[in-house]
Amino acid sequence: MGNLFGRKRRSRVTEQDRAVLQLKQQRDKLRQYQKRLSLGLERERALARQLLRDGKKEKAMLLLKKKRYQEQLLDKTENQISNLERMVQDIEFTQIEMKVIEGLKIGNECLNKMHQVMSIEEVERIIGETQDAVEYQRQIDELLAGSLTEEDEDAILEELNAITQEQLELPEVPSEPLPEKIPEVSPVKNRPKPELVAAS
(Lines give C-alpha, C1' and ligand atoms only; values in the text may rest on other atoms or scores of the structure.)
Protein backbone atom coordinates (compact mmCIF):
# COMPACT_ATOMS: atom_id res chain seq x y z
CA MET A 1 0.00 0.00 0.00
CA GLY A 2 2.94 2.31 0.57
CA ASN A 3 3.19 5.41 2.64
CA LEU A 4 -0.08 7.36 3.01
CA PHE A 5 1.42 10.80 2.59
CA GLY A 6 4.17 9.92 0.14
CA ARG A 7 6.94 10.82 2.57
CA LYS A 8 9.62 8.53 3.81
CA ARG A 9 10.10 8.60 7.53
CA ARG A 10 13.68 9.33 8.49
CA SER A 11 15.08 6.71 10.82
CA ARG A 12 16.88 7.83 13.94
CA VAL A 13 18.98 4.66 13.87
CA THR A 14 22.45 5.41 12.53
CA GLU A 15 24.94 3.08 10.86
CA GLN A 16 26.94 3.07 14.09
CA ASP A 17 23.83 1.98 16.03
CA ARG A 18 23.30 -0.89 13.59
CA ALA A 19 26.95 -1.91 13.89
CA VAL A 20 26.76 -1.88 17.71
CA LEU A 21 23.56 -3.95 17.61
CA GLN A 22 25.14 -6.55 15.29
CA LEU A 23 28.24 -6.77 17.45
CA LYS A 24 26.12 -7.30 20.57
CA GLN A 25 24.09 -9.99 18.81
CA GLN A 26 27.31 -11.77 17.79
CA ARG A 27 28.58 -11.51 21.36
CA ASP A 28 25.34 -13.03 22.69
CA LYS A 29 25.55 -15.91 20.19
CA LEU A 30 29.13 -16.59 21.24
CA ARG A 31 28.07 -16.63 24.90
CA GLN A 32 25.35 -19.19 24.11
CA TYR A 33 27.92 -21.30 22.23
CA GLN A 34 30.27 -20.95 25.21
CA LYS A 35 27.55 -22.18 27.57
CA ARG A 36 26.83 -25.20 25.35
CA LEU A 37 30.55 -26.03 25.21
CA SER A 38 30.87 -25.78 29.00
CA LEU A 39 27.93 -28.12 29.54
CA GLY A 40 29.40 -30.55 26.97
CA LEU A 41 32.76 -30.48 28.77
CA GLU A 42 31.13 -31.45 32.05
CA ARG A 43 29.31 -34.36 30.39
CA GLU A 44 32.47 -35.58 28.64
CA ARG A 45 34.48 -35.39 31.86
CA ALA A 46 31.84 -37.53 33.61
CA LEU A 47 31.75 -39.94 30.64
CA ALA A 48 35.58 -40.24 30.66
CA ARG A 49 35.46 -41.22 34.36
CA GLN A 50 32.82 -43.82 33.60
CA LEU A 51 34.89 -45.24 30.73
CA LEU A 52 37.95 -45.48 33.01
CA ARG A 53 35.88 -47.33 35.63
CA ASP A 54 34.69 -49.70 32.90
CA GLY A 55 38.32 -50.29 31.85
CA LYS A 56 38.00 -48.57 28.45
CA LYS A 57 41.15 -46.51 28.72
CA GLU A 58 41.59 -45.81 24.97
CA LYS A 59 38.04 -44.51 24.56
CA ALA A 60 38.50 -42.36 27.69
CA MET A 61 41.77 -41.03 26.19
CA LEU A 62 40.02 -40.17 22.90
CA LEU A 63 37.24 -38.45 24.78
CA LEU A 64 39.74 -36.41 26.83
CA LYS A 65 41.49 -35.31 23.60
CA LYS A 66 38.14 -34.13 22.26
CA LYS A 67 37.52 -32.35 25.58
CA ARG A 68 40.93 -30.66 25.37
CA TYR A 69 40.14 -29.40 21.85
CA GLN A 70 36.80 -28.01 23.07
CA GLU A 71 38.56 -26.25 25.97
CA GLN A 72 40.81 -24.54 23.42
CA LEU A 73 37.68 -23.52 21.48
CA LEU A 74 36.25 -22.18 24.72
CA ASP A 75 39.37 -20.01 25.22
CA LYS A 76 39.14 -18.71 21.65
CA THR A 77 35.47 -17.94 22.17
CA GLU A 78 36.31 -15.94 25.31
CA ASN A 79 38.91 -13.93 23.35
CA GLN A 80 36.41 -13.24 20.58
CA ILE A 81 33.81 -12.07 23.11
CA SER A 82 36.41 -9.72 24.63
CA ASN A 83 37.25 -8.35 21.18
CA LEU A 84 33.58 -7.77 20.36
CA GLU A 85 32.97 -6.00 23.67
CA ARG A 86 36.05 -3.82 23.15
CA MET A 87 34.85 -2.91 19.66
CA VAL A 88 31.36 -2.02 20.99
CA GLN A 89 32.94 0.24 23.63
CA ASP A 90 35.19 1.87 21.01
CA ILE A 91 32.23 2.62 18.73
CA GLU A 92 30.12 3.99 21.60
CA PHE A 93 33.00 6.16 22.82
CA THR A 94 33.62 7.42 19.27
CA GLN A 95 29.92 8.37 19.05
CA ILE A 96 30.33 10.41 22.25
CA GLU A 97 33.45 12.06 20.81
CA MET A 98 31.54 12.92 17.62
CA LYS A 99 28.81 14.59 19.69
CA VAL A 100 31.45 16.59 21.58
CA ILE A 101 33.07 17.65 18.31
CA GLU A 102 29.66 18.61 16.90
CA GLY A 103 29.01 20.68 20.03
CA LEU A 104 32.38 22.42 19.66
CA LYS A 105 31.64 23.11 16.00
CA ILE A 106 28.28 24.71 16.85
CA GLY A 107 29.94 26.72 19.64
CA ASN A 108 32.64 27.99 17.25
CA GLU A 109 30.03 29.00 14.65
CA CYS A 110 28.09 30.86 17.34
CA LEU A 111 31.23 32.67 18.54
CA ASN A 112 32.14 33.62 14.96
CA LYS A 113 28.67 35.10 14.39
CA MET A 114 28.93 37.05 17.64
CA HIS A 115 32.38 38.33 16.62
CA GLN A 116 31.00 39.47 13.28
CA VAL A 117 28.26 41.43 15.06
CA MET A 118 30.69 42.87 17.63
CA SER A 119 33.95 43.78 15.92
CA ILE A 120 36.96 45.25 17.74
CA GLU A 121 36.30 48.61 16.06
CA GLU A 122 32.71 48.54 17.37
CA VAL A 123 33.90 47.78 20.92
CA GLU A 124 36.50 50.59 20.73
CA ARG A 125 33.81 52.98 19.50
CA ILE A 126 31.46 52.06 22.38
CA ILE A 127 34.26 52.43 24.96
CA GLY A 128 35.19 55.83 23.49
CA GLU A 129 31.57 57.01 23.63
CA THR A 130 31.30 55.83 27.25
CA GLN A 131 34.45 57.73 28.22
CA ASP A 132 33.12 60.85 26.47
CA ALA A 133 29.84 60.58 28.38
CA VAL A 134 31.68 60.20 31.70
CA GLU A 135 33.86 63.23 30.93
CA TYR A 136 30.79 65.27 29.96
CA GLN A 137 29.06 64.38 33.24
CA ARG A 138 32.17 65.35 35.21
CA GLN A 139 32.21 68.77 33.53
CA ILE A 140 28.54 69.28 34.42
CA ASP A 141 29.27 68.35 38.04
CA GLU A 142 32.16 70.84 38.17
CA LEU A 143 29.97 73.61 36.73
CA LEU A 144 27.24 72.95 39.28
CA ALA A 145 29.74 72.85 42.14
CA GLY A 146 31.35 76.12 40.98
CA SER A 147 28.04 78.06 40.74
CA LEU A 148 27.76 78.57 44.54
CA THR A 149 28.65 82.02 45.91
CA GLU A 150 30.83 82.70 48.98
CA GLU A 151 27.69 83.46 50.99
CA ASP A 152 26.25 80.07 50.04
CA GLU A 153 29.48 78.37 51.07
CA ASP A 154 29.44 80.23 54.45
CA ALA A 155 25.78 79.30 55.05
CA ILE A 156 26.54 75.65 54.30
CA LEU A 157 29.50 75.62 56.73
CA GLU A 158 27.41 77.32 59.43
CA GLU A 159 24.61 74.73 59.06
CA LEU A 160 27.18 71.92 59.20
CA ASN A 161 28.65 73.34 62.45
CA ALA A 162 25.15 73.63 63.98
CA ILE A 163 24.37 69.98 63.19
CA THR A 164 27.72 68.94 64.64
CA GLN A 165 27.05 70.93 67.88
CA GLU A 166 23.62 69.29 68.28
CA GLN A 167 25.24 65.89 68.19
CA LEU A 168 27.94 66.90 70.71
CA GLU A 169 25.68 68.55 73.35
CA LEU A 170 25.83 66.68 76.65
CA PRO A 171 23.10 66.59 79.30
CA GLU A 172 23.26 69.22 82.08
CA VAL A 173 25.09 68.33 85.27
CA PRO A 174 22.86 68.59 88.41
CA SER A 175 23.74 71.54 90.67
CA GLU A 176 22.64 69.93 93.98
CA PRO A 177 25.23 67.93 95.93
CA LEU A 178 24.84 64.18 96.09
CA PRO A 179 23.88 62.63 99.47
CA GLU A 180 26.77 61.15 101.42
CA LYS A 181 24.94 58.05 102.73
CA ILE A 182 22.08 56.13 101.30
CA PRO A 183 19.39 55.93 104.03
CA GLU A 184 18.66 52.37 105.18
CA VAL A 185 15.17 51.02 104.87
CA SER A 186 13.94 49.83 108.25
CA PRO A 187 12.25 46.43 108.35
CA VAL A 188 8.55 46.30 109.20
CA LYS A 189 8.02 44.91 112.70
CA ASN A 190 5.16 42.72 113.92
CA ARG A 191 4.09 41.87 110.45
CA PRO A 192 2.25 38.54 110.38
CA LYS A 193 3.75 35.75 108.35
CA PRO A 194 1.85 35.06 105.12
CA GLU A 195 1.07 31.44 105.99
CA LEU A 196 -0.47 32.40 109.32
CA VAL A 197 -2.73 34.97 107.71
CA ALA A 198 -3.98 32.40 105.28
CA ALA A 199 -4.71 29.93 108.12
CA SER A 200 -6.83 32.35 110.16
Side-chain angles (χ1 to χ4, degrees), residues 1-35 74-178:
M1 191 164 149
N3 207 340
L4 290 175
F5 301 107
R7 260 192 187 159
K8 269 193 173 181
R9 232 176 169 194
R10 230 180 122 191
S11 175
R12 287 183 174 182
V13 179
T14 63
E15 289 297 319
Q16 291 88 359
D17 293 335
R18 285 192 191 96
V20 167
L21 180 64
Q22 287 175 356
L23 288 169
K24 286 182 177 179
Q25 287 172 342
Q26 285 301 117
R27 178 199 62 198
D28 293 343
K29 285 179 184 175
L30 282 172
R31 281 189 178 150
Q32 289 171 357
Y33 177 70
Q34 200 176 32
K35 199 179 282 186
L74 201 59
D75 289 341
K76 286 180 184 177
T77 306
E78 188 60 44
N79 288 335
Q80 288 175 347
I81 288 172
S82 295
N83 289 337
L84 287 171
E85 286 178 341
R86 194 175 307 116
M87 188 166 286
V88 166
Q89 289 171 356
D90 288 346
I91 291 172
E92 287 174 342
F93 185 71
T94 304
Q95 284 178 309
I96 291 168
E97 284 181 328
M98 285 173 63
K99 285 179 184 172
V100 169
I101 290 169
E102 188 63 31
L104 289 171
K105 183 180 172 186
I106 291 168
N108 276 340
E109 288 171 4
C110 182
L111 277 174
N112 285 335
K113 285 178 185 174
M114 289 170 70
H115 289 155
Q116 287 171 2
V117 171
M118 192 66 72
S119 65
I120 291 177
E121 292 80 18
E122 182 73 11
V123 172
E124 287 174 347
R125 185 185 63 76
I126 291 170
I127 290 173
E129 287 175 1
T130 305
Q131 288 173 345
D132 291 345
V134 168
E135 179 63 27
Y136 185 73
Q137 184 61 44
R138 189 186 60 75
Q139 289 174 1
I140 290 172
D141 292 344
E142 284 178 4
L143 286 173
L144 288 174
S147 65
L148 296 174
T149 64
E150 280 187 40
E151 291 173 3
D152 293 332
E153 293 282 345
D154 291 341
I156 290 169
L157 284 174
E158 196 174 306
E159 189 176 351
L160 182 66
N161 287 334
I163 292 170
T164 308
Q165 286 301 321
E166 285 174 11
Q167 291 176 348
L168 292 178
E169 283 184 19
L170 299 173
E172 290 183 21
V173 179
S175 56
E176 297 175 13
L178 293 173

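Just the heavy atoms: all of them, side chains too, but no hydrogens, waters or symmetry mates, feed the values below. None of the values given here were measured: they were computed from a predicted structure.
- With no hydrogens or angles considered, a side-chain donor-acceptor pair links Q137 and D141 at under 3.5 Å.
- Contact record, I91 with V20: CG2-CG2, 3.4 Å, taken as the closest heavy-atom pair.
- Here E129 pairs with R125 in a salt bridge; the nearest charged N to carboxylate O distance falls below 4.0 Å.
- Looking only at atom types and distance, the side chain of T14 has a donor-acceptor partner in the side chain of D17 under 3.5 Å away.
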Handout entry: Verdict with supporting geometry, R138 and E135, salt bridge (Lys or Arg N to Asp or Glu O under 4.0 Å)
Key = CA-CA 5 Å; R138 189 186 60 75; E135 179 63 27; 2.3 Å; yes

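- Test K24, K99, R86 against E92 for salt bridge (Lys or Arg N to Asp or Glu O under 4.0 Å) and you get one pass: K24.
- The line from CD1 of I96 to CE of M98 is 12.0 Å long, rounded to the nearest 0.5 Å.
- Distance check: D75 CG to E78 CD gives 8.0 Å after rounding to the nearest 0.5 Å.
- L84 contributes atom CG, which lies 9.5 Å from atom CZ of R31 (distance to the nearest 0.5 angstrom).
- Summarising the geometry, atom OG belonging to S82 is positioned 12.5 Å from atom CE belonging to M87; distances are rounded to the nearest 0.5 Å.
- Shown here is E159, whose CD atom has no more than 12 heavy atoms of other residues, nucleotides or ligands within 6.0 Å.
- Contact between Q34 and L74 at its shortest, heavy atoms only, is CG-CD1, 3.4 Å.
- Counting only heavy atoms from C-beta outward, the side chains of R27 and L23 never approach each other to under 4.5 Å.
- Rounding to the nearest 0.5 angstrom, the gap separating the CG atom in N83 from the CG atom in D90 is 10.5 Å.
- Enclosure of atom CG in L104 by more than 12 non-hydrogen atoms of other residues, nucleotides or ligands within 6.0 angstrom is indicated.
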